Amino acid sequence: MKELDLKEIRGQLDGIDSQLVRLFEERMALCGDVARYKIANGKEVYDPVREKEKLESVRRLASSAFNETAVGELFAQLMTISRRYQYQMMGGRSGELEAGFRLVENLPTAGARVVYQGVEGAYSHGAALRFFGDQADVYHVPAWEDAMKEVAEGRAAYGVLPIENSSAGAVIDNYDLMLKYDNYIVGETQMPVRHALLGLPEADLSQVRTVYSHPQGLMQCSQFLNAHREWQQISLENTAVAAKKVLEDQDVTQAAIASETAGKIYGLKVLQPAVNHNPSNVTRFIIIGKEPVYRLDARKVSICFELPHVSGSLYNMLGHFIYNHVNMLMIQSRPILERNWEYRFFVDIEGTLKDGPVQNALLGIEKEAVAMRILGSY
């Protein structure tokens, strides 16, 4: 038998590939017929029993153990592509994803009460003023969950909560709270973080023995604090609360890591400026509301979903974004407390709920995930 050279082998592969493309397009045309039948008869796109049977049957056609596995992977991808094509067709027929969200030109903020966690001078306070303006009717509560409750129970129209820091990462507790309460993300704002070490007016840096701050404040200043390992670090619920405690305790050995604004409010002295190691440190705050609305200028969608506990499920979910050319901005996982070693995923994507590709991607995830919730478009 004549030995083929590489050029001849590649020529034969090209010929087979041309046949594969032709057969693939024939297959997709039939998938379109399947979608039209399902639309007409109210059937679901995803049929896991049928897909399992199909994969088992095509694997049996393979001539070796390697090819059996490879054929299974190939046909799993073909069926995934088929589903996404069918979701696109069904999305075009059925209109917008049934999400209950309402498009508004602007958020109704005039005269609205706004709640934030902490005390005056906290970064959350600054974020509230940055988003709503100096004339906003803002007030504070002790804990993040309290802010969620204020909005959920109608005492506040909006709440301001930190969700992510460019140095310390996600504020994970607030992801969990987004699911615990029936609130929605309606906006966001970013606050530059410029921490200072604050003490009493008569205090000196050499006297410091204890430092108070929020846990993320301590993390954001870890390089500075590591140079003073003799200091005790104590976490409090807020950076401004830490500043207030130093004032109230009147102890020159105590210091707080907080903003210089908080220092001015509570009459403290800057013992050391700019103690966070990332000079471009920023905290992203979400604005939550009770109503599922999104503005005309929305540019982002936040969702949460739970996955079937099977191999490849996350890959398949994220494939809906890839197939619809939707850019994913962030992904965060959180354990599902009642189910060991299973996870819930929070994802931010570019776009808005009125965008066709976003609707198609979310429709696919909604149909195939164990559960999905749209947290907001903003």
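Keep in mind the model is a prediction, meaning the values are calculated, not measured.
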Problem set entry | With D348 via side chain to side chain donor-acceptor pair (under 3.5 Å) - residues at least two apart | R284, S302
Seminar exercise, completed: In E368, E366, Q359, the residue satisfying side-chain hydrogen bond (donor to acceptor under 3.5 Å, both in side chains) with Y87 is E368
Problem set entry | Carboxylate-amine/guanidinium proximity below 4.0 Å for R344 and E306 | yes
For this session: Please lay out, stage by stage, how I287 and V160 fare under the test side chain to side chain contact (heavy atoms under 4.5 Å, CB included).
Result: CA-CA 5 Å; I287 313 301; V160 180; 3.9 Å; yes
Exercise. In terms of hydrophobic clustering (I, L, V, M, F, W, Y; side-chain heavy atoms under 4.5 Å; direct or indirect links), are I331 and Y343 co-clustered?
Worked result: yes
For this session: Describe, in one word, how the ring planes of F132 and Y158 are oriented to each other, choosing from parallel (under 30°), tilted (30 to 60°) and perpendicular (over 60°).
Result: tilted
Problem set entry | Aromatic Y212 / basic K245 pairing, under 6.0 angstrom, 45° off normal | yes
Exercise. Are the charged groups of R22 and E26 less than 4.0 angstrom apart, N to O?
Worked result: yes
Problem set entry | Residue that, paired with E150, satisfies salt bridge (Lys or Arg N to Asp or Glu O under 4.0 Å) out of K290, R113, R155 | R155
For this session: Run the salt-bridge test on D297 and R295 with the 4.0 Å N-O cut-off and return the result as yes or no.
Result: yes
Exercise. Between the side chain of N174 and the main-chain N/O of P162, is any donor-acceptor distance below 3.5 Å?
Worked result: yes
For this session: Tell me whether the guanidinium CZ or amine NZ of R373 lies under 6.0 angstrom from the six-membered ring centre of Y184 and within 45° of its axis.
Result: yes
Exercise. Can you tell me how far the CD atom of E145 sits from the CG atom of L177, to the nearest 0.5 Å?
Worked result: 5.5 Å
For this session: Look at R194 together with E260 and state whether they make a salt bridge at an N to O cut-off of under 4.0 Å.
Result: no
Exercise. Would you say the side-chain atoms of D355 pair up with the backbone N or O of P357, donor to acceptor, closer than 3.5 Å?
Worked result: no
Problem set entry | Test of ring centre spacing under 6.0 Å for F285 and F131 | no
For this session: Mark yes when over 12 heavy atoms from residues, nucleotides or ligands other than R10 sit less than 6.0 Å from its CZ; otherwise mark no.
Result: no
Exercise. Yes or no on side chain to side chain contact (heavy atoms under 4.5 Å, CB included) for N324 and R84, after CA distance, side-chain angles and deciding distance?
Worked result: CA-CA 9 Å; N324 287 286; R84 289 169 188 157; 5.5 Å; no
Exercise. Do the side chain of H140 and the main chain of G118 share a donor and acceptor less than 3.5 angstrom apart?
Worked result: yes
Exercise. Which of parallel (below 30°), tilted (30 to 60°) and perpendicular (above 60°) describes H228 and W231?
Worked result: parallel
Exercise. Hey, what else clusters with I172 if you join Ile, Leu, Val, Met, Phe, Trp, Tyr whenever side-chain heavy atoms sit under 4.5 Å?
Worked result: none
Problem set entry | S82 versus Q86, side-chain donor and acceptor atoms under 3.5 Å | yes
Problem set entry | Parallel, tilted or perpendicular: ring planes of H195 versus Y123, cut at 30 and 60 degrees | perpendicular
